[in-house]
Chemist: 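I have a structure here, written as structure tokens, and I will follow up with some questions on it.
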2 protein chains.
Amino acid sequence: MKSAKTVFGQYLKNRGMLHSKQREEILDIFLKTEKHPTIDALYQLIRKKHPKIGLATVYRSMRVICDAGLAREVDFGDGVKRYEHEYQHQHHDHLVCLKCGRVIEVLSPRIEHLQETLAKKHNFTPIRHRMEIFGTCRECKRKEK
Amino acid sequence: MKSAKTVFGQYLKNRGMLHSKQREEILDIFLKTEKHPTIDALYQLIRKKHPKIGLATVYRSMRVICDAGLAREVDFGDGVKRYEHEYQHQHHDHLVCLKCGRVIEVLSPRIEHLQETLAKKHNFTPIRHRMEIFGTCRECKRKEK
DNA sequence: AGATCAGTTGACCATAATTCTCAATCTCAG
DNA sequence: CTGAGATTGAGAATTATGGTCAACTGATCT
């Protein structure tokens with residue numbers, strides 16, 4: 001199985017794009033994250049090591065990283081783009097806590113299958129999909145009492 | 001069954017809010033729409049009849065209309081808020097065509113039920129949820145060939 | 001009906017996320 | 001090593017949305 005970095009390198013080469021230090025570094029930082037960082041969160045992390053890298057470059061690089069199939073944009077309804085790992089990660093859905101912002105990733109093969117069926121019924125060719133449940137997580141519910 | 005306007009009137013009264021002409025007119029225009037208008041689309045419609053009504057009022061009124069349970073915010077991933085009818089409309093999901101922008105509303109009680117189960121399994125209290133499948137609709141697929 | 005007062009509006013400004021511009025810089029094939 | 005072409009950094013531009021505040025309006029009371 002090829003590493004994420006190898007995939008990225010090949011993607012760039014195939015497209016005649018350059019393998020810049022910035023892209024390499026931004027990919028590195030992103031791969032080390034485990035949650036759903038925003039552009040700004042990534043930018044802050046990157047700044048510590050490479051204060052010269054600009055915000056616009058982070059935006060541009062994350063787009064390339066998404067196009068290469070290594071990241072996926074997600075949106076939890078708060079008006080900010082977030083990113084999560086896409087390479088070697090199964091598709092999953094999210095339970096988003098409206099109190100604390102915690103995000104629980106959940107797998108549901110049965111829902112996935114029903115979605116396929118639903119699309120087929122309407123002659124619709126699915127490319128990607130998303131499902132989020134917004135509510136209150138266990139911890140926040142306990143605190144309320 | 002109470003009409004949407006009646007519900008709105010009662011909501012305003014219960015909260016000590018005023019029943020202004022602007023709110024009435026914006027609700028009227030919204031109720032006549034059938035798709036998923038953006039704020040700007042609604043503003044353009046409203047302007048024709050009431051050129052005095054400002055954009056900020058449309059934003060503010062749509063929030064009130066949502067709070068009153070008559071509309072719901074939706075997001076199709078293009079960075080703009082849209083609104084759809086909520087009163088006397090079942091919850092449904094969306095098939096969003098990435099080529100032509102068409103949105104097909106679909107019902108799936110089985111998916112709804114699995115979502116409930118999923119939330120319960122994680123001790124998560126659901127408040128609302130959304131599911132969108134992005135892809136190519138029948139018409140756009142036909143054109144491709 | 002007229003006075004009153006809190007809620008609302010319109011016009012404009014503020015903000016935040018994201019993208020664009022462009023001169024300077026870097027990457028890489030030859 | 002060099003040149004052509006891609007990329008970057010800095011800051012301006014854009015877009016959607018929300019905030020401010022003086023002027024205005026709707027509902028209530030008399």
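Note on naming: letters A, B, ... go to the chains in the order of the sequence lines (proteins, then strands), and numbering restarts at 1 for each one. Remember, predicted model here, so these are calculated numbers, not experimental data.
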Chemist: Report the distance from atom CZ of A:Phe8 to atom P of D:dT7, rounded to the nearest whole Å.
Modeler: 10 Å

Chemist: Assess whether one donor atom and one acceptor atom, taken from the side chain of B:Arg63 and the base of D:dG18, lie less than 3.5 Å apart.
Modeler: no

Chemist: Separation of B:Leu55 atom CG from C:dA14 atom C1', in whole Å?
Modeler: 15 Å

Chemist: Is the distance from the ring center of A:His36 to that of A:Tyr83 below 6.0 Å?
Modeler: no

Chemist: Donor-acceptor pair, A:Arg23 side chain versus A:Leu18 backbone, under 3.5 Å?
Modeler: yes

Chemist: For C:dT19, does OP1 or OP2 lie under 4.0 Å from any side-chain N or O of A:Lys81?
Modeler: yes

Chemist: Roughly what angle, to 10°, lies between the helix axis at the start of the helix from C:dA1-D:dT30 to C:dG30-D:dC1 and the one at its end, five pairs per end?
Modeler: 30°

Chemist: Got a second to check how far A:Lys48's NZ is from A:Ile29's CD1, nearest 0.5 Å?
Modeler: 9.0 Å

Chemist: May I have the distance from B:Leu42 (atom CG) to D:dT17 (atom P), rounded to whole angstrom?
Modeler: 11 Å

Chemist: Test side-chain hydrogen bond (donor to acceptor under 3.5 Å, both in side chains) on A:Thr136 and A:Lys141; report intermediate values, then the result.
Modeler: CA-CA 6 Å; A:Thr136 313; A:Lys141 194 165 31 171; over 6 Å; no

Chemist: Please state whether the base of C:dG10 and the side chain of B:Arg60 form at least one donor-acceptor pair under 3.5 Å?
Modeler: yes

Chemist: Looking at the side chain of B:Ile53, which of C:dT9, D:dT17, C:dG10 is the nearest nucleotide?
Modeler: C:dG10

Chemist: For B:Ala56 and B:His19, find the nucleotide of DNA chain D closest to each by heavy atoms; which residue's nucleotide sits nearer the 5' end?
Modeler: B:Ala56

Chemist: Distance check needed: D:dT17 P versus B:Met62 CE, whole Å only.
Modeler: 12 Å

Chemist: Tell me the interatomic distance from A:Asp75, atom CG, to C:dT18, atom C1', rounded to whole angstroms.
Modeler: 14 Å

Chemist: Looking only at the side chain of A:Arg23 (C-beta and beyond, no hydrogens), which of the listed nucleotides C:dT8, C:dT27, D:dT8 gets closest?
Modeler: D:dT8

Chemist: Starting the side chain at C-beta, find the nucleotide from C:dC28, D:dT8, D:dT17 nearest to A:Thr57.
Modeler: D:dT8

Chemist: Can you tell me if the side-chain N/O atoms of B:Thr38 get under 4.0 Å from OP1 or OP2 in D:dA16?
Modeler: no

Chemist: NE2/A:His91 to CZ/A:Arg72 distance, rounded to the nearest 0.5 angstrom?
Modeler: 5.5 Å

Chemist: Between B:Arg15 and B:Asp67, is the closest basic N to carboxylate O distance under 4.0 Å?
Modeler: no

Chemist: Should B:Lys2 and B:Tyr87 be marked as a side-chain contact (heavy atoms from CB on, under 4.5 Å) after you check the CA-CA gap, both sets of side-chain angles, and the distance that decides it?
Modeler: CA-CA 10 Å; B:Lys2 287 178 281 193; B:Tyr87 186 58; 3.8 Å; yes

Chemist: Using only side-chain N and O atoms of B:Tyr59, determine if any of them is under 4.0 Å from OP1 or OP2 of D:dG18.
Modeler: no

Chemist: In terms of hydrophobic clustering (I, L, V, M, F, W, Y; side-chain heavy atoms under 4.5 Å; direct or indirect links), are A:Tyr11 and A:Leu27 co-clustered?
Modeler: yes

Chemist: How many whole angstroms separate atom CE of A:Met17 from atom C1' of D:dT7?
Modeler: 9 Å

Chemist: Could you give the CD-to-P distance, from B:Glu24 to C:dT9, as a whole number of Å?
Modeler: 12 Å

Chemist: Send over the distance from B:Arg15 CZ to C:dT8 P, rounded to a whole Å.
Modeler: 12 Å

Chemist: Closest-nucleotide mapping onto DNA chain D: is B:Asp40 or A:Gln22 further toward the 5' terminus? I mean the 5' end.
Modeler: A:Gln22

